[in-house]
K.L.:
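This structure is in C-alpha cells; I'll ask about it shortly.
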Amino acid sequence: MEPTSRVHGLDTLRALAIVFVVLHHYVLFVSGEDTFGWVGSIGWVGVDLFFALSGYLIGNQLFAAMRSEQGLSLWRFYARRLLRTLPNFYFVLALYFCWPYFRNGLALPPLWEFLTFTQNINLRPGTAFSHAWSLCIEEQFYLVLPAGALLIASMRRSLGWAWAALALGLVGGMLVRASVWNDLVANDGGSSQFFTDIYYSTLCRLDELIAGVALALLRQYHPGLWQRLTSHGNVALAGGVALSALTFTLFLNDRYGYGVTVFGYPMLALSFGLLLVSALSPGSVLREMRVPGAASMALWSYAIYVLHKQVCILANAQLRSWGLEPDMPLAVAAMLALSVLTGWLLFRMVEAPFMALRDRYVPSNLNAPAATALQSR
C-alpha cells in the first residue's frame, strides 16, 4: 500500500475484520446467546481476514524493499515490525499479569510463552489473553519470512522457488490438518482438543497469510499479470463475496468436520484474496467506496483487538449487577462502545507514540535511510 495515501478498500476490510471478531467474542465470552445471528457465530473468520491483510501488506513492503536499489535491511524490518506490535501487546500483557482483577480469575499461561510468542503452542481454550494466539502466529511467520525470502533470492531461478515455497506451505498445511484430524478422531478428541491441535496451531493456520504474501509477490514480480488481474476488480469482488458465503455456510454447518477442516481454510484464503484484489483494483466498488467510520476502525483495530474481550467480560459483570443482561440492546451498545473507546485510548496513549518513534528513527525497511534513498533517485 502506498505510504502517501490510504486505500479505502483495505480500510473497509480491516474494519470488517475487527467487527466480526468483536461480535464473535461477545457471543462466545459474554452473552452465550445467538445475539448477532450468523455473524456472531462465524465472526472468528475476522482473524483469518486479518491474516490475509497482514500477509499482503507486510509481504508487499518486504518485496518492494528487496527490489529497490538499497535492498532490504533485516534489522530495520524487524525493528519496524516490533515497534508496531510490541507496545500494545506488552501494555495489555502487563494488565493481565500485574492486575489480578483484569484477568477475572482466569488462568494465565507462563509469561515466557507470551514473551517468546509461543503461547499458541498447545494452548488450551479458556485461558486469559487466549486471543493472543493469532499475534503469536503472525510474529512467528514474520520472523521467518524475510530471512527465507533473502535465502530464496540468493538462488538461481529464485522466483520459481518462491512460488514453490508458498505452494508447499499451503499444501503442507492441508496435509497437517488432515493428519491431526484423523488422530483426533482415532483418540476421540473433542472440540477443545481441536482448537489446541488445529485451530491454534501455526502449521495449520498459515493459509491466509500465504495468500496475502502470494498477492504481494504477484504485484512486485509479475506487474503485467497484476495489472490484468486488478483490471477486473468488481469481478473479483463478486467472486470473493460468493466464495466467502459458500465457505461461511460450510463452517456454520460443520465447524469440526474433516472436509471443512482440510479444505475450508484454503477456501477462506482464496475468498479473502479475491476481496483483497478488489480492494486494490483501480475503479472497483470496494476500493472507491468510503464507509463512514471504517478508516478510524481500521486505524484502531489492533488496539481494539488486544483489549476488547476482557473489557467486555469485566463490563458485563458490572452491568449484570445493575440488572442489565448482555442480550439487552442497552448492554450490547454499552459494551461495544466501551470496546471501541478503550481501543482508541490504547491507540492514542501507546500505539501512536511508538509509531511516531518508528517513523522518526526507522522510517523504512531499506538498507539506506529513507532520505538518502530519495536523494539517490
Side-chain angles (χ1 to χ4, degrees), residues 1-26 36 39 43 45-61 64 80-81 83-85 87-89 92 134-135 138 208 212 215-216 219 230 233-234 236-237 240-241 244 271-308 311 333 335-360 363-364:
M1 184 171 61
E2 296 82 12
T4 56
S5 62
R6 298 191 68 86
V7 177
H8 305 306
L10 295 181
D11 283 342
T12 299
L13 291 180
R14 189 173 293 277
L16 180 65
I18 192 60
V19 168
F20 264 50
V21 170
V22 170
L23 297 186
H24 177 65
H25 283 164
Y26 190 96
F36 306 107
V39 175
V45 300
V47 169
D48 296 80
L49 183 51
F50 276 129
F51 282 167
L53 285 160
S54 295
Y56 169 74
L57 292 169
I58 300 299
N60 195 48
Q61 294 173 19
R80 286 176 59 81
R81 180 66 189 167
L83 284 170
R84 170 73 176 89
T85 57
N88 281 354
F89 179 70
V92 176
S134 63
L135 307 178
E138 283 204 36
E208 292 79 16
L215 288 179
R219 176 173 185 168
T230 53
N234 289 327
L237 175 61
V241 170
S244 294
S271 61
F272 292 158
L274 288 171
L275 293 179
L276 273 172
V277 168
S278 179
L280 294 162
S281 298
S284 75
V285 171
L286 182 56
R287 181 185 175 105
E288 301 301 326
M289 180 176 57
R290 297 195 184 194
V291 178
S296 296
M297 289 292 289
L299 191 61
W300 309 333
S301 60
Y302 177 44
I304 293 173
Y305 181 82
V306 293
L307 264 182
H308 77 278
V311 164
M335 281 184 267
L336 295 184
L338 191 59
S339 297
V340 174
L341 175 61
T342 53
W344 173 77
L345 285 172
L346 180 61
F347 171 81
R348 294 289 296 174
M349 295 172 57
V350 178
E351 184 175 340
F354 277 93
M355 291 294 285
L357 286 175
R358 187 186 78 164
D359 292 342
R360 180 176 181 181
S364 79

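Just so you know, residue 1 is the first one in the sequence shown, and it goes up from there.
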K.L.:
Can a donor-acceptor pair be found, under 3.5 Å and without considering hydrogens, that links the side chain of R287 to the backbone of S278?
P.N.:
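No, the answer is negative, given that no donor and acceptor are paired below the 3.5 Å cut-off.
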K.L.:
Are R81 and E138 close enough that some pair of their side-chain heavy atoms sits under 4.5 Å apart?
P.N.:
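Yes; the side chains approach each other to less than 4.5 Å.
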K.L.:
Would you call L345 and L307 a side-chain contact if the rule is heavy atoms closer than 4.5 Å?
P.N.:
no
K.L.:
Going from CZ on F50 to CG on L135, what distance comes out if it is rounded to the nearest 0.5 angstrom?
P.N.:
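If I round to the nearest 0.5 Å, the distance is 10.0 Å.
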K.L.:
For Y56 and L215, which heavy atoms make the closest approach, and how far apart are they?
P.N.:
CD1-CB, 4.0 Å
K.L.:
If we ignore angles and hydrogens, is there a donor and acceptor under 3.5 Å between the side chains of S134 and Y305?
P.N.:
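Looking only at side-chain atoms, Y305 and S134 do form a donor-acceptor pair, the distance falling under 3.5 Å.
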K.L.:
Distance from L10 atom CG to L280 atom CG, nearest 0.5 Å?
P.N.:
5.0 Å
K.L.:
What's the shortest heavy-atom distance between G59 and A216, and which atoms?
P.N.:
C-CB, 3.5 Å
K.L.:
Quick check: does any side chain N or O of S281 sit under 3.5 Å from a backbone N or O of T230, one acting as donor and the other as acceptor?
P.N.:
yes
K.L.:
Do T12 and L286 have side-chain heavy atoms sitting under 4.5 Å apart?
P.N.:
yes
K.L.:
Between R290 and H8, what is the shortest heavy-atom contact and its length?
P.N.:
NE-NE2, 2.9 Å
K.L.:
Measuring only between side-chain heavy atoms, which start at C-beta, is D48 closer than 4.5 Å to F272?
P.N.:
yes
K.L.:
Mind checking the OG-CZ spacing from S54 to R14? Nearest 0.5 Å is all I need.
P.N.:
5.5 Å
K.L.:
Can you name the nearest heavy-atom pair linking N234 to G283, along with the distance?
P.N.:
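Residues N234 and G283, closest heavy atoms: ND2-O, 4.4 Å.
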K.L.:
If you round to the nearest 0.5 Å, how far is CG of L276 from CZ of R219?
P.N.:
11.5 Å
K.L.:
Rounded at 0.5 Å granularity, tell me how far CG in D11 sits from CG in L16.
P.N.:
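The distance works out to 12.5 Å.
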K.L.:
Using modelled atom types only, decide if a donor and an acceptor are shared between the side chain of N88 and the backbone of V350 within a distance under 3.5 Å.
P.N.:
no
K.L.:
Which heavy atom of V39 sits nearest to which heavy atom of F20, and what is that distance?
P.N.:
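Smallest heavy-atom distance, with atoms named: CG1-CE1, 4.2 Å.
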K.L.:
Does atom CE of M349 have more than 12 heavy-atom neighbours from other groups under 6.0 Å away?
P.N.:
no
K.L.:
So how far is it from S364 OG to R80 CZ, rounded to the nearest 0.5 Å?
P.N.:
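Rounded to the nearest 0.5 Å, the OG-CZ separation comes to 6.5 Å.
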K.L.:
Heavy atoms, side chains only, cut-off 4.5 Å: are V45 and L49 in contact?
P.N.:
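Not in contact.
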K.L.:
State, yes or no, whether a side-chain contact exists between M297 and I304 at a heavy-atom distance under 4.5 Å.
P.N.:
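Touching, per the 4.5 Å side-chain cut-off.
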K.L.:
Between L346 and Y302, is any pair of side-chain heavy atoms under 4.5 Å apart?
P.N.:
no
K.L.:
Would you check if L275 and L237 make a side-chain contact, meaning some heavy-atom pair closer than 4.5 Å?
P.N.:
yes
